[in-house]
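To start, the structure itself, in structure tokens.
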Amino acid sequence: MNLKNLTLFSGLLGFVVVALGAWTRLADAGLGCPDWPGCYGFATIPVNPEDIEIANTRYPETPYEVAKAIPEVVHRYFAATLGLFIIGIFLAVRKNPTSTKNMKLLAGFLVFWVIMQGAFGYLTVSLKLWPQVVTTHLMSGFLTTVIIWLLYFKVKDIENSDRIPWDFNLNAKRLINLSLVVVSIQIFLGAWTSTNYASISCADLPLCRGQLLPPADFISGFNFLQTIGPNYLGGQLSDEARVAIHLTHRLGSIVVTLVLVSLIFSLYRMRLLKLAVNLSGVLALQISLGISNVIFSLPLLIAVGHNLGGLLLITYLAALRFRD
């Protein structure tokens, strides 16, 4: 497999891994296996009665549930596979005579970062879904996938020497930079909302519980120094703290929309119609998925899609910013 196809496949696999991670989290299966990297001490999922009995004996405080073990183990296997492909990317970039210094730095950082991701995966389980770690793990997965796609585009551009650079004007560059910042913050807010189980704290739109500003505890909701443990499955914050997190994420979506609409108009004025249409489509999709999560009370497929929409949006913006 050549470098271009390797990065393309790995980039697609990155989206799959993020989707599986979202599935695991949203299905409350983050502790489907109370140990790491095995599952109840097994390399695979315990299925026969004897193994299940052994599993329950090993971890009596966490009774084995196959419906929760499956998402966790599947996510781990796909993540490990992506890690192997990332090592392959690193070796291929080092070997490829056309690789630039920037590509080699990205590939090296990618290997380091996937090792960090493995550490975050371990901490996610060992610290029993501590929101700070789970949020960092999710955002790190986004960054991993974005870097893979940047490498893909750089390899593709080397092969396609006839490509015409976008040559953004100063205003468009500033808007792209601002868009990256606000979307990154919004992704963090979305992750913080999910890991603190605040996604359905407001079940109506455009108000929250019939009010513009219901009782909300912003200090507790954004206390990043909260203690570790005992177990954050289902969340530990008060109802008012979760409302504060949810409201902040909603406010962030308004800010993101305004900034991205400004960028879309800037691209349109530069006659970069394809870029403007693509960005409009991704933004519209993400807004629709976010609204659907509230209206339909966080259905699993739509919630996973919302995660992927955020990943697609930040990946597209990163390509606009760093491709040329």
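Heavy atoms only: backbone and side chains are in, while hydrogens, waters and symmetry mates are out. Numbering starts at 1 and runs along the sequence shown.
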Please verify the inter-ring angle class for His137 with Phe120; under 30° counts as parallel, over 60° as perpendicular, anything in between as tilted. tilted
Aromatic rings Phe112 and Phe109: how do their planes relate, parallel, tilted or perpendicular, breaks at 30° and 60°? tilted
Side chain to side chain contact (heavy atoms under 4.5 Å, CB included) between Ile158 and Lys154, worked out: CA-CA 6 Å; Ile158 289 175; Lys154 289 184 179 297; 5.6 Å; no
Here the gap from Ile148 atom CD1 to Trp113 atom CH2, rounded to the nearest 0.5 Å, amounts to 13.5 Å
Say you draw a straight line from CG of Asn231 to CD of Glu61; how long is it, rounded to the nearest 0.5 Å? 10.0 Å
Arg250: which residues meet the salt bridge (charged side-chain N to carboxylate O under 4.0 Å, His left out) condition with it, sequence neighbours left out? none
The salt bridge (charged side-chain N to carboxylate O under 4.0 Å, His left out) partners of Asp157 (sequence neighbours excluded) come to Arg163, Arg323
Please output the side-chain donor-acceptor pairs of residues 263-279 that fall under 3.5 Å, not counting sequence neighbours, one pair per line with the distance.
from: Asn278; atom 1: ND2; to: Lys274; atom 2: O; distance (Å): 3.3
from: Asn278; atom 1: ND2; to: Tyr316; atom 2: OH; distance (Å): 3.4

Per the side chain to side chain contact (heavy atoms under 4.5 Å, CB included) rule, which among Leu8, Leu311, Thr7 passes with Trp149? Leu8
A quick test of your reading: do over 12 heavy atoms of other residues, nucleotides or ligands sit less than 6.0 Å from [atom1] of [X]?
| X | atom1 | value |
| --- | --- | --- |
| Asn160 | CG | yes |
| Phe15 | CZ | yes |
| Ile200 | CD1 | no |

Does anything in residues 49-132 pair up under disulfide (SG to SG under 2.5 Å), and if so which pairs, sequence neighbours excluded? none
Write out all pairs satisfying disulfide (SG to SG under 2.5 Å) with one or both partners inside residues 15-127, taking only residues at least two apart or from two chains. Cys33-Cys39
Scan residues 189-201 for pairs that pass side chain to side chain donor-acceptor pair (under 3.5 Å), counting only residues two or more places apart or in two chains. Arg25-Ser194, Thr135-Thr195
With side chain to side chain donor-acceptor pair (under 3.5 Å) as the rule and sequence neighbours excluded, what pairs involving residues 212-224 come up? Asp217-Ser220
Kindly write out the residues that satisfy side-chain hydrogen bond (donor to acceptor under 3.5 Å, both in side chains) with [X], not counting sequence neighbours, or none if the list is empty.
| X | result |
| --- | --- |
| Asp51 | Asn48 |
| Arg321 | Asn177 |
| Asp239 | Arg209 |
| His75 | none |

Salt bridge (charged side-chain N to carboxylate O under 4.0 Å, His left out) contacts in which one or both residues fall within residues 70-98, not counting sequence neighbours: Glu72-Arg76
Verify, without hydrogens or angle tests, whether Ser297 (side chain) and Asn293 (backbone) share a donor-acceptor contact under 3.5 angstrom. no
Same cluster or not: are Leu180 and Ile185 linked, directly or through other Ile, Leu, Val, Met, Phe, Trp or Tyr residues, by side-chain heavy atoms under 4.5 angstrom apart? yes
